[in-house]
Amino acid sequence: RSEERFTAAFQSALDAANKTNGGTVLIPSGNFFFTGSVAVPRAVTLQGTYKVVPSHTTGQNSDSLTGTVLMPTGGKGNESAAPFITISHDSALIGVVIYYPNQPPNQLPTPFPWTIVLAGANAAVTDVECLNCFNAIQAVGAARHYIARIQGQPINTGIYVDETYDIGRVEDVHWNPWYCHNETYTAWQLLHGRAFVFARTDWEYVFNTFAFGYAIGYHFVASSKGSCNGNFLGIGADMATNASVQVDAADSFGILITNGEFTAFGSPDGFDSSQVIVSPSNTGSVRFVNSAFWGPSNSVATLSGSGTTGFGDCTFSQWDGSKKGRHAIEVKEAKGNLLVTNCDFQHDGNQIDLGQKSLARAVVTGNVVQGALRVSGKAHNTQIGLNADSNPN
């Protein structure tokens, strides 16, 4: 084992492939330790033994790992240090396991820098297991990035996207707690972890993604470059303690979420849990279509900001976990619009609180509810009609 030797040898092989107008550097099975960083040059692929993304349940037992395993050790305690692997224009990382041997599973997590950074157009990472990364994958300034078939348990941030001005793609990414169930370790993840974070990205396409056990499942934020618009199909979050989806900022073209599944396990002490949080800072459009929400959170959605939020053909199975008469959808200080159409409210409880005329417009039509229709408050312009309750005529 020689960490410095592996770092230098890998970089030398990658640079040699670049000098021959591109190519593939193949890595055999084994554990490879690194103290430093590796840069994948343009038109070069770094490829391990896996053709399909693996999954391992290890804890601290690295002997159970199989295939090509990359083990970074550099940057311990410093998130701002150089990333482990940087992937440039038209380059890719494929078919490896990444495991941090100095990240014990039985204590508070230790910060490390980004594991994988996509730093050029068409940069790709596929069939990779980010087993216990602190921050797993960053795509900034990486037009048409391709992130697909990724698994693992990143602790702080799973994927972060920003400065993407041509369609990026994120597909089949599943974050699960396979590495560690230790209470101290996972409590930190539940308090601070974010599975997917999107800042400025134009027409991001996200398909078949899932996260279990984070503070926030999908976090939409603003950077100095702007905010997100995109198409999110078949996404899911389970046991997100703050929110399954939190929108601090959305572009005016909208965040379009279809066929989502969002589950809450309850409200830990000190948390006012909600499946969807739209923050006061948001000015854009957020739409949920044919999505399902279940689990005993306090509310399904708490809404602020001046944008439009819509729920169409959605199923709301449970809410009011605190048993205090909470509404499924609660308007806090929203100044925009709310659309709730053709939804199924399956819990016999308060359905919608429109607030006290902070909303500009509210449309509540074509829904079916358990028990009586219970919509309180009003917008400046409120339209309610054609809703069907379960009470006998």
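Remember, it's a predicted structure, so these values are computed and weren't measured experimentally.
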Task: Side-chain touch Tyr165/Thr201, heavy atoms, less than 4.5 angstrom - done: no

TODO: Kindly work out whether a path of hydrophobic side-chain contacts (I/L/V/M/F/W/Y, heavy atoms less than 4.5 Å apart) joins Phe84 to Leu46.
DONE: yes

Open item on the list: Salt bridge check, Asp162 against Arg200: does any charged N sit closer than 4.0 Å to a carboxylate O?
Closed with: no

TODO: Please assess Ser274 against Ser297 for the test side chain to side chain contact (heavy atoms under 4.5 Å, CB included), listing each intermediate value before the final yes or no.
DONE: CA-CA 6 Å; Ser274 184; Ser297 59; 5.9 Å; no

Task: Phe198 and Tyr218 aromatic centres sub-6.0 Å - done: no

TODO: May I ask you to test the Ile255-Asn229 pair for a side-chain heavy-atom distance under 4.5 Å?
DONE: no

Task: Distance-minimising heavy-atom pair for Ser299 and Trp319 - done: CA-CB, 4.3 Å

TODO: Return yes if a side-chain donor-acceptor contact under 3.5 Å exists between Gln11 and Asp15, otherwise no.
DONE: yes

- [ ] Calculate, to the nearest 0.5 Å, the distance between atoms OG and CG belonging to Ser29 and Leu65 respectively.
- [x] 11.5 Å

TODO: Check whether the ring centres of Phe6 and Phe33 lie less than 6.0 Å apart, and answer yes or no.
DONE: no

- [ ] For residues Thr110 and Phe112, determine if any side-chain heavy atom of one lies less than 4.5 Å from a side-chain heavy atom of the other.
- [x] yes

- [ ] Please round to the nearest 0.5 Å and tell me the distance separating atom CD1 of Ile147 and atom CG of Leu118.
- [x] 5.0 Å

Task: Sub-4.5 Å side-chain heavy-atom contact between Tyr185 and Leu108 - done: no

Task: Worked check of side chain to side chain contact (heavy atoms under 4.5 Å, CB included) between Asn350 and Asp320 - done: CA-CA 9 Å; Asn350 296 323; Asp320 193 25; over 6 Å; no

Open item on the list: Side-chain heavy atoms nearer than 4.5 Å, only ILVMFWY residues, links allowed to pass through others: does that put Val276 and Val221 together?
Closed with: no

Open item on the list: For the CH2 atom on Trp203, are there more than 12 heavy atoms of other groups (residues, nucleotides or ligands in this structure) within a distance under 6.0 Å?
Closed with: no

Task: Cluster overlap Val38 with Ile94, hydrophobic side-chain contacts below 4.5 Å - done: no

Task: Test side chain to side chain donor-acceptor pair (under 3.5 Å) applied to Tyr50 and Asp127, Thr126, Thr68, Thr66, the passing residue - done: Thr66

TODO: Measure the shortest side-chain to side-chain distance between Phe220 and Val245 over non-hydrogen atoms and say whether it is less than 4.5 angstrom.
DONE: yes

Task: Spacing of Thr382 atom OG1 and Leu359 atom CG [to the nearest 0.5 Å] - done: 8.0 Å

TODO: Please test Thr308 against Arg287 for side chain to side chain contact (heavy atoms under 4.5 Å, CB included), starting from the C-alpha separation and ending with a verdict.
DONE: CA-CA 8 Å; Thr308 294; Arg287 303 297 182 96; 3.8 Å; yes

With a cut-off of 3.5 Å and sequence neighbours excluded, list every side-chain donor-acceptor pair involving residues 338-347.
from, atom 1, to, atom 2, distance (Å)
Asp344, OD2, Gln346, NE2, 3.1

Open item on the list: Please confirm whether the ring centroid of Tyr160 lies under 6.0 Å from the ring centroid of Phe196.
Closed with: no

Task: Interatomic distance, Asn231 atom CG to Ile257 atom CD1 [nearest 0.5 angstrom] - done: 10.0 Å

Open item on the list: Assess the residue pair Asn337 and Arg361 against the criterion (side-chain hydrogen bond (donor to acceptor under 3.5 Å, both in side chains)); give the C-alpha distance rounded to whole Å, side-chain angles, the decisive distance to 0.1 Å, and a yes or no.
Closed with: CA-CA 5 Å; Asn337 308 304; Arg361 289 166 289 187; 3.0 Å; yes

Open item on the list: Between Thr20 and Asn18, is there a side-chain heavy-atom distance shorter than 4.5 Å?
Closed with: no

Task: Residues Arg374, Asp389: salt bridge by 4.0 Å N-O rule - done: no

TODO: Sequence neighbours left out, what passes side chain to side chain donor-acceptor pair (under 3.5 Å) with Asn78? Give chain and number order.
DONE: none

Open item on the list: Tell me whether Ser291 contacts the main-chain N or O of Val289 through its side chain, where contact means a donor paired with an acceptor under 3.5 Å.
Closed with: yes

Open item on the list: Taking the side chain as everything from C-beta on, heavy atoms only, tell me whether Trp175 gets closer than 4.5 Å to Phe210.
Closed with: no

Open item on the list: If hydrophobic clusters are built from ILVMFWY residues whose side chains come within less than 4.5 Å, do Leu373 and Phe311 share one?
Closed with: yes

Task: side-chain hydrogen bond (donor to acceptor under 3.5 Å, both in side chains) between Ser376 and His327, worked out - done: CA-CA 9 Å; Ser376 63; His327 293 73; 3.2 Å; yes

Open item on the list: In this structure, would Val117 and Phe10 fall into the same cluster of hydrophobic residues linked by side-chain contacts under 4.5 Å?
Closed with: no

Open item on the list: Between Lys332 and Glu330 (salt bridge meaning N to carboxylate O under 4.0 Å), is one present in this structure?
Closed with: yes

Task: Minimum-distance pair of heavy atoms, taken over all atoms of Leu303 and Ala301 - done: CD2-CB, 4.0 Å

TODO: Please report the C-alpha distance between Val170 and Ile159 in whole Å, then the side-chain angles of each, then the deciding distance to 0.1 Å, and finally whether the side chain to side chain contact (heavy atoms under 4.5 Å, CB included) criterion is met.
DONE: CA-CA 9 Å; Val170 178; Ile159 291 176; 3.9 Å; yes

Task: Output field: ring centroids Phe232/Phe207 closer than 6.0 Å - done: no

- [ ] Run the numbers on Asp248 and Ser281 for side-chain hydrogen bond (donor to acceptor under 3.5 Å, both in side chains), then give the verdict.
- [x] CA-CA 6 Å; Asp248 296 340; Ser281 54; 4.8 Å; no

Task: Non-hydrogen side-chain atoms of Lys357 and Lys378 separated by less than 4.5 Å - done: yes

- [ ] Check whether the side chains of Asp313 and Asn290 place a donor and an acceptor atom closer than 3.5 Å, and report yes or no.
- [x] no

Throw together a table of side-chain donor-acceptor distances under 3.5 angstrom for residues 129-146, partners on residues two or more places apart or in other chains.
from, atom 1, to, atom 2, distance (Å)
Glu129, OE1, His56, ND1, 2.7
Glu129, OE2, His56, N, 2.8
Asn132, OD1, Tyr100, N, 2.8
Asn132, ND2, Tyr100, O, 3.0
Asn135, OD1, Asn156, ND2, 2.8
Asn135, OD1, Thr157, N, 3.4
Asn135, OD1, Thr157, OG1, 3.4
Asn135, ND2, Glu79, OE1, 3.1
Arg144, NE, Asn122, OD1, 2.9
Arg144, NH1, Asp166, OD2, 2.8
His145, ND1, Ala142, O, 2.9
His145, NE2, Glu204, OE1, 3.4
His145, NE2, Glu204, OE2, 2.8
Tyr146, OH, Glu171, OE1, 3.4

